[in-house]
Amino acid sequence: MPSEHWTHPEPGDGPAAVSAQPSPEQVIAGLRATSEGGAELTQLLTPEGERVPSPRFDRYVDDIDTEALKGLYRDMVLVRRADREANAMQRQGQLGIWVPLLGQEAAQIGSGRALRKGDMAFPSYREHGVAYTRGVDLKEVLGIFRCTDHSGWDYQGHGFHPYTIVIGNQVLNAAGYAMGQKFEGKVGDDDGEATICYFGDGATSQGDVHEGFVWAAVYDAPLVFFCQNNQWAISEPTERQSRLPLYQRARGYGFPGIRVDGNDVLACLAVSRWALEECRHGNGPVLIEAFTYRMDAHTTTDDPTRYRLSDELEEWKLKDPIERVRAYLARGGGADQAFFDQVQADSDAFAAELRDYCFNMPEPPPERIFSNVYAESTPLLDAQREEFLSYLDGFVEAGEH
């Protein structure tokens with residue numbers, strides 16, 4: 001049996017395998033398919049900045065004219081600049097930890113801009129770009145990593161759930177929320193609502209993710225599973241997670257999956273709009289695998305030089321999500337140097353504002369850690385707060401600090 005049937009089985013092509021033990025060639029081909037884009041990769045903008053027509057997805061970005069594309073470019077530049085500033089502030093002791101998004105700007109901005117006001121997004125801990133598109137002040141995001149806030153924004157007002165640190169747990173939360181949208185009759189037409197949930201390739205090995213897949217499939221939940229496959233689950237490559245491309249896992253649960261170039265903001269926008277539209281009309285769930293790359297460490301506590309080669313990073317730098325949009329705009333005359341200079345100046349000002357806030361952030365009172373844990377306080381939480389404050393008062397009375 002050809003190895004292609006093992007790695008990329010499609011409906012009507014025959015069985016994925018005829019025995020429980022695939023041949024060595026099939027295994028090798030399967031492993032390569034998890035770390036290479038492959039023919040199934042949906043792409044509208046090449047790394048060289050050339051537009052690729054797509055009969056299936058062009059209509060989902062018909063409204064993206066030059067001005068709109070310049071807006072997406074600006075989004076990515078500002079978010080990257082904020083990410084780099086936060087990374088530097090952690091090194092300077094201003095943040096306890098930081099989770100970089102470097103290289104994943106297109107996946108986050110493209111999918112985030114596809115959402116409507118009534119939609120809900122469930123992030124992991126790296127979706128700073130999605131937070132930005134949902135109107136969350138990144139100063140509030142900094143509070144999490146400075147350990148002064150849980151997640152200070154109005155998550156219902158912004159349609160953006162608090163960050164989730166437990167790997168994959170947000171998938172269960174998102175499935176439940178989307179099932180609620182279905183039960184409340186908020187799906188079924190163009191005005192329907194949808195939910196999107198973000199997680200990484202490593203999270204696909206967590207039980208919570210698979211349970212979320214099962215529940216969403218059974219209840220036809222209007223949920224887009226958005227997997228940012230950045231090739232590394234901390235120090236383990238994708239081929240340690242799956243023999244098959246991750247998007248093909250959706251077939252086993254009975255819903256569609258698709259792989260998109262995660263460094264192509266146009267393709268991410270188009271595919272996300274398509275998937276969300278499917279969910280709004282009651283045809284969900286959908287799995288999107290955004291094929292991208294983590295250009296920095298997993299977090300600031302990680303040293304990626306211990307487990308990956310520098311030439312791999314150099315290869316992916318040629319696929320930079322921001323540079324391909326810049327090339328397209330410059331080649332077509334849609335933007336001149338003055339525009340690019342202004343965006344850079346705006347991003348520097350944005351970073352300076354975040355930096356000034358972080359360095360001068362007022363020290364919160366100790367009782368703040370108990371705020372906004374629940375919508376309404378509970379007797380147990382009240383008792384814990386009083387016990388903690390009483391403990392602190394004991395040090396003051398003894399003259400200690």
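Throughout, residue positions are numbered sequentially from 1 according to the sequence presented. Below, each value reflects all heavy atoms present in this structure, side chains not excepted, and no hydrogens, waters or symmetry copies.
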For [range], pull every pair meeting salt bridge (charged side-chain N to carboxylate O under 4.0 Å, His left out), keeping only residues two or more places apart or in separate chains.
range: residues 146-171; value: Asp149-Arg368
range: residues 169-189; value: Glu184-Lys186
range: residues 373-384; value: Asp382-Arg385
range: residues 94-116; value: Asp75-Arg113, Arg80-Glu105

Next item on the list: Quick one: do Arg331 and Glu50 satisfy salt bridge (Lys or Arg N to Asp or Glu O under 4.0 Å)? Show the steps, please.
Entry: CA-CA 9 Å; Arg331 181 182 295 114; Glu50 297 177 353; 5.1 Å; no

Please check if the number of heavy atoms outside [X] that lie under 6.0 Å from its [atom1] is greater than 12.
X: Gln92; atom1: CD; answer: yes
X: Tyr219; atom1: OH; answer: no
X: Trp153; atom1: CH2; answer: yes
X: Phe340; atom1: CZ; answer: yes
X: Tyr328; atom1: OH; answer: no

Using 0.5 Å steps for rounding, measure from the [atom1] atom of [X] to the [atom2] atom of [Y].
X: Arg51; Y: Leu45; atom1: CZ; atom2: CG; answer: 7.5 Å
X: Arg280; Y: Asp190; atom1: CZ; atom2: CG; answer: 9.0 Å
X: Thr300; Y: Trp98; atom1: OG1; atom2: CH2; answer: 9.5 Å

Check: Counting N and O atoms only, with roles assigned by atom type, does the side chain of Thr148 sit under 3.5 Å from a partner on the main chain of Gly143, one being a donor and the other an acceptor?
Finding: yes

Item checked: Test ring pair (Phe, Tyr, Trp, His ring centres under 6.0 Å) applied to Tyr307 - qualifying residues, sequence neighbours left out -> Trp232

Next item on the list: Output all residues satisfying ring pair (Phe, Tyr, Trp, His ring centres under 6.0 Å) with Phe255, sequence neighbours left out; order by chain, then residue number.
Entry: Phe213, Phe225

Check: If you look only at pairs with a residue in residues 358-386, which of them pass as a ring pair (Phe, Tyr, Trp, His ring centres under 6.0 Å), with sequence neighbours excluded?
Finding: Phe370-Phe388

Run the side-chain contact (heavy atoms from CB on, under 4.5 Å) test against [X] and tell me which residues pass, sequence neighbours left out.
X: Glu85; answer: Arg81, Met89, Ala351, Arg355
X: Ala68; answer: Ile64, Asp65
X: Ala174; answer: Phe122, Thr195, Cys197, Leu223
X: Val214; answer: Val218, Tyr253

Note to self: I'd like to know if Glu67 pairs up with Lys70 as an ion pair, taking the criterion as any Lys NZ or Arg NE/NH1/NH2 lying under 4.0 Å from an Asp or Glu carboxylate oxygen.
What the structure shows: yes

Item checked: Residues Arg249 and Glu289 bridged, charged N to O under 4.0 Å -> no

Notebook entry, point to check: Under 6.0 Å between ring centres, would you say that holds for His128 and Tyr163?
Noted result: yes

Check: Do you see a donor-acceptor pair shorter than 3.5 Å between the side chains of Asn263 and Thr292?
Finding: yes

Checklist line | Tyr293 and Trp316 aromatic ring geometry - parallel, tilted or perpendicular at 30°/60° bounds | finding: parallel

Notebook entry, point to check: For the residue pair Phe57 and Trp274, does the interplanar ring angle fall in the parallel (under 30°), tilted (30 to 60°) or perpendicular (over 60°) class?
Noted result: perpendicular

Note to self: With salt bridge (Lys or Arg N to Asp or Glu O under 4.0 Å) as the criterion, how do Arg126 and Asp296 come out once you've worked through the C-alpha distance, each side chain's angles and the decisive distance to 0.1 Å?
What the structure shows: CA-CA 12 Å; Arg126 199 184 302 275; Asp296 203 346; over 6 Å; no

Checklist line | Pairs meeting criterion side chain to side chain donor-acceptor pair (under 3.5 Å) with involvement of residues 129-138, two or more places apart | finding: none

